[in-house]
**Q** 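One structure coming up, written as structure tokens, with questions to follow.
For the numbers below, each heavy atom of this structure counts, side chains included, while hydrogens, waters and symmetry mates do not. As the structure is a computational prediction, the values presented were derived from the model and not from experiment.
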Amino acid sequence: MEHHDQKINLYNRLVIAFVALGGTASRPRSLKIFPLTRHRHMGLYGASIIGSTIGQPGWYSYFNLPAAGEEGYASITTPAIATANGLFSAGGAVASLIVMWASDYFGRVRSIQIACVLGVLGGALQSAAQNLDMFQAGRFIMGMCVGAMSCVVPMYLSEMSSPRFRGWLVGHHAIFLVFGYMLSSWTGFGIFFASNLELGWRLPLAIQCVPPLILLAGSPKVPRSPRWLVSQGLKEEAWVVLQRLRQSPDDPEDLFAKEELYQIQEQLRLDADKLAAYGSPWKAVIQKPSYRKRMIIGSLTQWGAEFGGPLVINNYAVLLYTGLGQTGYMPLLLSALWLTTAGVIYNPLGAWLHDKVNSRRLMYIIGFCGIVVTTSVMSAMIARFGGTDNKAGNAVGVLFMFLYLAFQGTFCNTTMYLYISEIFPTEIRSIGIGFSLFGQYASTIILLQTAPIAFESVGWKFFLVIICWSVVFVPIIYFFWPETARLTLEEIGQQFGDEVAVQLTNLGDEEKTALDQKILGQDSKQPGPEVVSAPASESDGRKGPQ
């Protein structure tokens, strides 16, 4: 029996790209605190005020919030911004916990649809806010959208991807994720030159509604996850989805799809028998050592990525650039360019490298080693030359802010979502990814609530937290993080000491031929997947809402 290498067909690419669109709304965006100064040509605009489109001067004036340097700023404005940041992160944390249950009960696609509705509602409330309470409510709801998306989208992408290309395909989540940041930054840069202050903060918030609205409109055509379908007893629909995802002219018998379906079924059957001893997946993640290890590693993967400092540096980028001698609109332009390099170069490069390097661990370790070096040099330049006229020292500081992103964006940003989408077996994938993302939002709340105080009191020394954590985290990854590259989602269990029902990877020709003959023989003896015609987008599930 002749065997061919698996390829990605057009349908698989389109499904991945469309669902990854949800990533444009699935990265924590927080209000940034910048001093507001007068600009003689543009009213209440200044050189370093717009690092986030929500932090526009019109937002301050509309809600009667004192600007920096004005009486009441510390007692009124700072708490309002802190509340907005806290509510957004809290919404994400709450949603990530809900997803632990919802994405199994409702399914991956229906959970994405619910998140889209929350995104449209949250964006509408913020952009149309008539008072601060309405705005804050929108922040919490938008945080829930982001929390749900950041859990379900990488989960769905991993379940739709073949092991050979999973790095690139799941990496689409991080690519679109940073694209959302990039879009926000360039919108803020464009609004800098607008004269309508109210439009300056309402328009960017309204744009938040566009990606989830597009995804919601097209979601009825999105196929449901074959692994979730099999877990619900919907083998026939799972076959239709897999057949279309893996279809190739080189594989006229659809062996890739048949092998994958067979492995999924057998692994779920094996795991179900073992889970019976624990009573439920919720007990298993606490009592079963291999599951417990996954939960700890998943949470630390997300926690560790955030403590690597991307949000701290991004949210305070304009202040950092200003301190390094940049004036006028240059801090805002540099901030937008910083994110553009990530969206256009670093994240796509990282996603591509995953399937070439074939080591999630190595990618993550390289990223954190780079973070240590670049953050150390950047901090030294800020400490030595920040606030001075030394152009060379300030230029080096700006350069290493960009080099920091080269390492963080290429080697960490794609890995953090890819790894947690791989390490959990189907029966606890929702629980594990939800818990892992809860770790991300917990770290976000801690960092973004303490950063303003820390920068005010210790300045550049706050970056020592990032440096010290990264130094400690590298050996932890090296010694405790199992490798997951090039294995099917079902085979990854063996890296944690679990039994694998069916091996597909690294089989010899004779072994693979024997397996294929066994699968084809089963198909010929009983009603098999090939006789099924149920469309993949039906919602006639047997076990709860779809």
**Q** If you measure only the distance, is there a donor-acceptor pair under 3.5 Å linking the side chains of Asn9 and Gln247?
**A**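 Result is no, nothing qualifies.
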**Q** Main chain of Gly167, side chain of Asp355: is a donor-acceptor contact present, judged purely on distance under 3.5 Å?
**A** yes
**Q** Parallel, tilted or perpendicular, judged at 30° and 60°: which one describes the rings of Tyr404 and Trp338?
**A**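 Correct class here is parallel.
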**Q** Between atom CG of Leu489 and atom CZ of Arg166, what is the distance when rounded to the nearest 0.5 Å?
**A** 4.5 Å
**Q** For Asp498, which residues count as a salt bridge (Lys or Arg N to Asp or Glu O under 4.0 Å) partner, sequence neighbours excluded?
**A** Lys288, Arg294
**Q** SG of Cys151 to CZ of Arg429: how many Å apart, nearest 0.5 Å?
**A**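 One gets 13.5 Å once the value is rounded to the nearest 0.5 Å.
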**Q** Are Arg108 and Ser111 close enough that a side-chain donor and a side-chain acceptor fall under 3.5 Å?
**A** no
**Q** Which distance, rounded to the nearest 0.5 Å, do you find between the CZ of Arg360 and the CH2 of Trp481?
**A** 16.0 Å
**Q** Any idea which heavy atoms bring Tyr417 and Leu437 closest together, and the distance?
**A** CE2-CD1, 4.2 Å
**Q** When you measure from the side chain of Asp104 to the backbone of Ser430, do you find a donor-acceptor pair of N or O atoms at a distance under 3.5 Å?
**A** no
**Q** Could you check whether Phe368 and Tyr364 have their ring centres less than 6.0 Å apart?
**A**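 Judged by ring-centre distance (under 6.0 Å), Tyr364 and Phe368 do meet the cut-off.
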**Q** Taking side-chain contact (heavy atoms from CB on, under 4.5 Å) as the definition, give me every residue that meets it alongside Ser443, ordered by chain and number, with sequence neighbours left out.
**A**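 Result, side-chain contact (heavy atoms from CB on, under 4.5 Å) vs Ser443: Trp303, Glu306, Phe307.
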**Q** Checking the side chain of Ser421 only, and the main-chain atoms of Ser158 only, is there a donor and an acceptor separated by less than 3.5 Å?
**A**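 No, the answer is negative, given that no donor and acceptor are paired below the 3.5 Å cut-off.
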**Q** Counting heavy atoms not belonging to Arg244, are there more than 12 under 6.0 Å from its CZ?
**A**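 Atom CZ in Arg244 is not crowded, with 12 or fewer foreign heavy atoms closer than 6.0 Å.
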**Q** Please report the interatomic distance CD(Glu159) to CZ(Arg227), rounded to the nearest 0.5 Å.
**A** 6.5 Å
**Q** Do you see a donor-acceptor pair shorter than 3.5 Å between the side chains of Trp228 and Ser103?
**A** no
**Q** Are more than 12 heavy atoms from other residues, nucleotides or ligands located less than 6.0 Å from atom CG of Asp273?
**A**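 Atom CG in Asp273 is crowded, with more than 12 foreign heavy atoms closer than 6.0 Å.
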**Q** Residues two or more places apart in sequence or in another chain: which of them pass side-chain hydrogen bond (donor to acceptor under 3.5 Å, both in side chains) with Glu427?
**A**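 In terms of side-chain hydrogen bond (donor to acceptor under 3.5 Å, both in side chains), with neighbours along the sequence ignored, Glu427 is linked to Tyr291.
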**Q** Any carboxylate oxygen within less than 4.0 angstrom of a Lys/Arg side-chain nitrogen, looking at Glu253 and Lys258?
**A**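 Looking at Glu253 and Lys258, the cut-off is not met.
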**Q** Which heavy-atom pair separates Ala115 from Ala148 by the least distance, and what is that distance?
**A**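 In terms of heavy atoms, the two residues are closest at CB-CB, 3.7 Å.
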**Q** Rounded to the nearest 0.5 Å, what separates atom CZ in Phe435 from atom OG in Ser299?
**A** 4.5 Å
**Q** Please check if any side-chain donor atom of Gln494 sits under 3.5 Å from a side-chain acceptor atom of Gln503, or the reverse.
**A**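 Present: a donor and an acceptor within the cut-off.
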**Q** For residues Ile371 and Cys412, determine if any side-chain heavy atom of one lies less than 4.5 Å from a side-chain heavy atom of the other.
**A** yes
**Q** CZ of Arg361 to OG1 of Thr484: how many Å apart, nearest 0.5 Å?
**A** 10.0 Å
**Q** Take a 6.0 Å sphere around NZ of Lys274 and say whether it holds more than 12 heavy atoms from other residues, nucleotides or ligands.
**A** yes
**Q** Find out whether Phe176 and Pro211 are in side-chain contact, i.e. whether some heavy atom of one side chain is under 4.5 Å from a heavy atom of the other.
**A** no
**Q** Run the salt bridge (Lys or Arg N to Asp or Glu O under 4.0 Å) test against Arg269 and tell me which residues pass, sequence neighbours left out.
**A**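 Glu266.
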**Q** By side-chain hydrogen bond (donor to acceptor under 3.5 Å, both in side chains), which residues pair with Arg246, not counting sequence neighbours?
**A** Asn12, Glu260
**Q** Return each pair, listed once, that meets side-chain hydrogen bond (donor to acceptor under 3.5 Å, both in side chains) where at least one residue sits in residues 464-478; pairs must be two or more places apart or across chains.
**A** none
